[in-house]
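Data block below; observations after.
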Amino acid sequence: MTRYCANLDGKHAGGLNVCASCARKFREALGSIAVDTPALLLIAARQAGTGDNDRTGVRSRSAHAPLLIREQAWELYCQAEELIRLAALQCGCPPATRRTASVPELVRGILKDDKLLLTASGAREWWRDVVDVAGKVNRMVDPPATRVAFGACPFCKHGVVWGVPRAHMGECRSCGAQVNRTYVADRLLDKLAKSEKKGTPKQLSRECAKAGIRLPAATIRTWIHQKRLTPDQHGHVTLSGIVPLLRRRAH
């Protein structure tokens, strides 16, 4: 009888309950957990301090003050350790019964013979839990770089160019085009230069934010105070009036 992958991808599972590609991903996830959990443990304990006033701002009363931890990282570490220890017990790895066995040591034991996990009736659950925890641990240890919107893509109708802050190039999520951020910024400023909108510094700051330009209301008020912008009798300034100042600030 042909056995198919428990992950329902339609592939043959061979002698396991998952296909070859899923088995490979499972082993890669185990390897990732082994590599990342020591770093995760350091992150969890990074806020520890025994001085009178450490960087966390928490004052310790003695040199034996309780260890301060990052709860989210610590909880994730405990979750990973519990999962790997249970998996090691399922595989019959001798270190699993030793409380001092580290996660990397347990993983090495599992990888010597993981068939008991991948042939079990709950293979799909083991696969899902290990891959899920590996992803969570990796994201905490090596979080993805923050990306910001540079502005509208010049090459497609509804695309937005995103990139790492201060990077010169960004990528459109719709068409995949690589776009220089200064080109995007110039197009944004050209669009704002034609605008007839006016408002208070706070309102114009919000309008700029919608266009992907960070301009604090305090900066606009400073420009008014410096006579670089002239408000009307209601204290409103035009959006187009701030464009030359934005261009000057960019250079």
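- L40 has its side chain out of reach of W74: every pair of non-hydrogen atoms, C-beta onward, lies at least 4.5 Å apart.
- In terms of the salt bridge (Lys or Arg N to Asp or Glu O under 4.0 Å) criterion, residue partners of R85 (sequence neighbours excluded) are, by chain and number, E81.
- Evaluation of the ring-ring contact (aromatic ring centres under 6.0 Å, His included) test over residues 90-117, restricted to residues two or more places apart or in two chains, returns none.
- R27 has its side chain within reach of L111: a pair of non-hydrogen atoms, C-beta onward, lies under 4.5 Å apart.
- Atom CD of Q226 sits in a crowded spot, with more than 12 heavy atoms from other residues, nucleotides or ligands closer than 6.0 Å.
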Quiz item: Between K202 and S205, is a side-chain contact (heavy atoms from CB on, under 4.5 Å) present by the stated rule, with each step listed?
Solution: CA-CA 5 Å; K202 191 172 183 179; S205 176; 5.6 Å; no
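- Both I224 and L246 are members of a single hydrophobic cluster when ILVMFWY side chains are connected at heavy-atom separations under 4.5 Å.
- With rounding to the nearest 0.5 Å, the separation of CG in L42 from OG1 in T37 is 10.5 Å.
- When all heavy atoms of A193 and V243 are compared, the pair lying nearest together is N-CG2, 3.6 Å.
- Here the side chains of C172 and C156 are in contact, with some heavy-atom distance below 4.5 Å.
- With rounding to the nearest 0.5 angstrom, the CD atom of Q203 is 10.5 Å from the NZ atom of K197.
- Judged purely by atom type and a 3.5 angstrom limit, T222 uses its side chain to pair as donor or acceptor with the backbone of A218.
- A donor-acceptor contact shorter than 3.5 Å is absent between the side chain of W127 and the backbone of V18.
- In the hydrophobic clustering of this structure, L106 groups with L41; members are Ile, Leu, Val, Met, Phe, Trp, Tyr whose side-chain heavy atoms approach within less than 4.5 Å, directly or through other members.
- Follow the hydrophobic side-chain contacts under 4.5 Å out from M169 and you never reach V161; the two are in separate clusters.
- One finds the CG atom of D114 at 9.0 Å from the OG1 atom of T119 (value rounded to the nearest 0.5 Å).
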Quiz prompt | side-chain contact (heavy atoms from CB on, under 4.5 Å) between C91 and L117, intermediate numbers included | solution = CA-CA 7 Å; C91 290; L117 293 176; 3.5 Å; yes
Self-check item: Criterion side-chain contact (heavy atoms from CB on, under 4.5 Å) on K198 and H234, from CA distance to verdict
Solution: CA-CA 10 Å; K198 59 168 58 179; H234 304 294; over 6 Å; no
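- The nearest pair of heavy atoms linking L118 to A23 is CD1-CB, 4.1 Å.
- From R70, atom CZ reaches atom CE of M140 across 8.5 Å, with rounding to the nearest 0.5 Å.
- Counting all heavy atoms, side chain and backbone alike, P201 lies closest to G235 at CD-O, 4.3 Å.
- Side-chain atoms of W126 and L86, non-hydrogen and from C-beta on, do get closer than 4.5 Å to each other.
- Residues I43 and Y77 form no side-chain contact, since every pair of their non-hydrogen atoms from C-beta on lies 4.5 Å or further apart.
- Contact check for V237 versus W223: no side-chain heavy atoms found under the 4.5 Å cut-off.
- Few gaps surround CD on Q178; more than 12 heavy atoms of other groups in view lie less than 6.0 Å from it.
- With S195 contributing its side chain and S240 its backbone, the two residues share no donor-acceptor pair below 3.5 Å.
- Atom CD1 of I33 is separated from atom CG of L83 by 6.0 Å, given to the nearest 0.5 angstrom.
- For E125, the CD atom is densely surrounded, since the number of other residues' heavy atoms within 6.0 Å is greater than 12.
- Contact of the L239 side chain with the C208 side chain is registered, since non-hydrogen atoms from C-beta on lie closer than 4.5 Å.
- For the pair A29 and A134, the tightest heavy-atom approach, listed with the atom from each and the gap, is O-CB, 3.5 Å.
- If you take CG on L204 and CG on L229, they are separated by 9.0 Å, rounding to the nearest 0.5 Å.
- Heavy-atom minimum distance, E171 versus G176: CG-O, 3.8 Å.
- Put simply, the side chain of V35 does not reach to within 4.5 Å of the side chain of N138, judged on heavy atoms.
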Practice problem: Dump the intermediate steps for side-chain contact (heavy atoms from CB on, under 4.5 Å) on T238 and D232, then the final yes or no. | Solution: CA-CA 9 Å; T238 62; D232 61 16; over 6 Å; no
